[in-house]
Every structure is written in C-alpha cells, then in structure tokens.
Asks: 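Please see the structure below; I have some questions.
We name chains A, B, ... by the order of the sequence lines, and we start the count at 1 in each one. The basis for the numbers below is simple: all heavy atoms, side chains too, and nothing from hydrogens, waters or symmetry mates. Everything numeric in this text was worked out from a predicted model, so none of it was measured.
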Protein chains: 2
Amino acid sequence: MVMVLRMRRVNANPVFRALADPTRRAIFEELSRRGEQTVHALTRYAGVSQPAVSKHLTVLKRAKLVRHRREGRETHYRAQPDALAPMVDWLEHYGAFWRDRFDRLEALLERMEP
Amino acid sequence: MVMVLRMRRVNANPVFRALADPTRRAIFEELSRRGEQTVHALTRYAGVSQPAVSKHLTVLKRAKLVRHRREGRETHYRAQPDALAPMVDWLEHYGAFWRDRFDRLEALLERMEP
DNA sequence: ACAAACCATAACTGTATGGTTATGGTTTTG
DNA sequence: CAAAACCATAACCATACAGTTATGGTTTGT
C-alpha cells in the first residue's frame, strides 16, 4: 500500500519564469553538475558580466532554486533541486501521457541500477 | 535487459519560453484537460482578447506544444503533450535527485495502478 | 446576396527584462 | 594600512513581450 503525502501546492510560476532564460538555466545546470560555486567562478562560466550573474542568481534565489552561503568576501551558491518539484508536479499532471508507461518504467530502472 | 533509444536532442528553449507565461500555460492546461478546442472557446476561457489568444497559440505552435486543424471558419487546437519531452529530459538530467527514489517509485506506482 | 461569425495579422503601447557600466561595502592580501 | 578581490546594488539602455484595437479574409447562416 502506498502512502500519499499531500504537499502544499507551491506557485509554479517563479520556477517556470526563472528557468525560461537560457543563461539562468546554464547557471543552474553548472551548479547541479559541479556543485557549489562562487559568483566569481560562475561569472567566468556564464559569459556575461558579474552584475548580470548576480541578478540571475537573485531570480533563481526567489524561485528557491539556489541557496547561498557567505564565506568572507565570497558568496557560494548551490543548486536546490527540490525546488523543481512544482514543475515536475505540473508535468506529471498535464503531461501525464506524454510518453507511454513502459518508457517511464525504463527510465526509472535506468536510474535505479546504474 | 533494457533497450535505450537515443532520441535526437531537441532544443528545449522554445518549450521553456512558451510555458513561462501563465496565460499560455493555462491554455495548454485547458487543452490537455478538455481536449481539442476552437480559438473562440479558448478565448472565452482565457480572459484575454481573441488576438492575444491567437498569438499565444502561435507561440505554443512554434514550440510544437499544440497542433491545429482547420475546419471551415474555425480552427481547432489540441495539445501535443509529447512536445514536453525536452523539458522532461532536462528535469531528469539536472533534477535527477530532486526527490529520493522512493518518492519517484511511489509516483510511478500511483500512475500505474489507478 | 448580405450579414454575422471566426480567426489571423497588423499596428501600436506600456512594461518587463536581460544586459551594460559605475559605485560602494566588506574582506583578504601584500 | 593600502591595495586588490569579491559581490551586490544602482542607474541606465535597448529590446522583447503581452496586451490592446483595427482590419481583412473566409466561411456559415438567413
């Protein structure tokens, strides 16, 4: 028997908006792949100015997609992937049959036995 | 043994952009729930003018999220949920651990035995 | 045949947004 | 302590974008 935990419905809009921008997605991807990084490191990666990166991080922060930790003069950001939940929920709801069940199972198995 | 089909990587950007707007998301949701609809019906639903709806539908069309079918003077639109695949792929990639495996399994089971 | 309905496009408008440079606060380094 | 590094915010700019009204092309209804 499967217990279903009803989560508080979070507004999905900030997440959708935040990830609509390719630069922001790239920053989030980089943080997901390489883990925690400073603004400086992200700036070298992103190909835009440091203030631009700071503003992108602010948007991601408002969507709870990143958290930050100050350490001396540098700020370390890290991805907060569970903030993707509203988007995942939305997809599971409105895109429930975008792919047949076998495909879904296949993907799951792939993840569970690497 | 699980066969893995490598799909052609589709540019996820149009999908992310298209779904960033709440009105567009609402239109897509409505088409997903209630099935094929005319522009007229969608206009009554969306709460914006008919030209606005037409433009939103154009954006969704460019992202392959909807298809249309002309029938006399009316155009019927329907959701094309498999166009969500790039977004799902992205989430599976960068949000792989947004939720623990039990949760994923639970969600899967829910879908498989309704 | 004419009027009305349906839809798409054009033309326009205000605001949001992604980028820049400039600046200042804090912390580390020499 | 002075200089440099790191970051955030301010101020500004150009463009993208979501909305509007106006219009015209088809198709349906009377």
Asks: Look at the side chain of A:Gln50 and the base of D:dA8, then say whether one donor and one acceptor between them are separated by less than 3.5 Å.
Replies: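 Answer is yes: a donor-acceptor pair is held.
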Asks: Ignoring backbone atoms, test whether B:Thr75 places a side-chain nitrogen or oxygen under 4.0 Å from the OP1 or OP2 oxygen of C:dA8.
Replies: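 The answer is yes; a side-chain N or O of B:Thr75 sits under 4.0 Å from OP1 or OP2.
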Asks: Looking at C:dT26, C:dA4, C:dC7, which one has an atom nearest to any side-chain atom of A:Arg73?
Replies: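 Of the candidates, C:dT26 comes closest.
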Asks: Going through the checks in order, is the side chain to side chain contact (heavy atoms under 4.5 Å, CB included) test met by A:Phe28 and A:Leu84?
Replies: CA-CA 11 Å; A:Phe28 182 82; A:Leu84 294 172; 4.1 Å; yes
Asks: Expressed in angstrom and rounded to an integer, what is the separation of B:His56 atom NE2 from C:dA8 atom P?
Replies: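 B:His56 atom NE2 is separated from C:dA8 atom P by 14 Å.
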Asks: Do other residues, nucleotides or ligands put more than 12 heavy atoms under 6.0 Å from the NZ atom of A:Lys61?
Replies: yes
Asks: Ignoring backbone atoms, establish whether B:Ser54 has a side-chain N or O less than 4.0 Å from OP1 or OP2 of C:dC7.
Replies: no
Asks: Return no unless some side-chain N or O of A:Arg24 is found under 4.0 Å from OP1 or OP2 of C:dT17.
Replies: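 For A:Arg24, the contact criterion (side-chain N or O under 4.0 Å from OP1 or OP2 of C:dT17) is not met.
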Asks: Sequence neighbours left out, what pairs pass ring-ring contact (aromatic ring centres under 6.0 Å, His included) with at least one residue falling in residues 36-65 of chain A?
Replies: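 Every pair satisfying ring-ring contact (aromatic ring centres under 6.0 Å, His included) with a residue in residues 36-65 of chain A: there are none.
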Asks: Grab the CZ-C1' distance between B:Arg17 and D:dT15 for me, whole Å please.
Replies: 12 Å
Asks: Using whole Å, what does the distance between atom P of nucleotide D:dG19 and atom NZ of B:Lys55 come to?
Replies: 9 Å
Asks: Roughly how many Å is it from CD in A:Glu74 to P in D:dA5, rounded to a whole number?
Replies: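 Whole-Å distance recorded here is 13 Å.
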Asks: Establish, with yes or no, whether the OP1 or OP2 oxygen of D:dG19 is under 4.0 angstrom from a side-chain nitrogen or oxygen of B:Thr23.
Replies: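 For D:dG19, OP1/OP2 do have a side-chain N/O of B:Thr23 under 4.0 Å.
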Asks: Over how many whole Å does the gap from B:Arg70 atom CZ to C:dA8 atom P extend?
Replies: 7 Å
Asks: Should B:Ser49 be listed as having a side-chain N or O under 4.0 Å from OP1 or OP2 of D:dT20?
Replies: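 So the side chain of B:Ser49 is within the cut-off, an N or O lying under 4.0 Å from OP1 or OP2 of D:dT20.
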Asks: Grab the CG-P distance between A:Leu57 and C:dG19 for me, whole Å please.
Replies: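 For the pair A:Leu57 CG and C:dG19 P, the rounded distance is 12 Å.
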Asks: Kindly say if B:Tyr77 contacts the phosphate of C:dC6, meaning a side-chain N or O under 4.0 Å from OP1 or OP2.
Replies: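 No, outside the criterion.
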Asks: Once you round it to whole Å, what is the distance between C1' of C:dA5 and NE2 of B:His76?
Replies: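 It is 13 Å, rounded to the nearest whole Å.
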Asks: Nearest-Å distance, NE2 (B:His68) to P (D:dT26)?
Replies: 15 Å
Asks: May I ask whether B:Leu65 and B:Trp90 are part of the same hydrophobic cluster, defined by side-chain heavy atoms of I, L, V, M, F, W, Y residues being less than 4.5 angstrom apart, directly or through others?
Replies: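 As far as the 4.5 Å side-chain criterion goes, B:Trp90 and B:Leu65 are connected within one cluster.
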Asks: Between A:Gly72 and B:Val39, just flag the one whose closest nucleotide in DNA chain C comes earlier from the 5' side.
Replies: B:Val39
Asks: Is the backbone N or O of B:Arg67 less than 3.5 Å from a side-chain atom of B:Arg78, with the two atoms forming a donor-acceptor pair by type?
Replies: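 Not at all, since once roles are kept as given, no pair shorter than 3.5 Å links the two residues.
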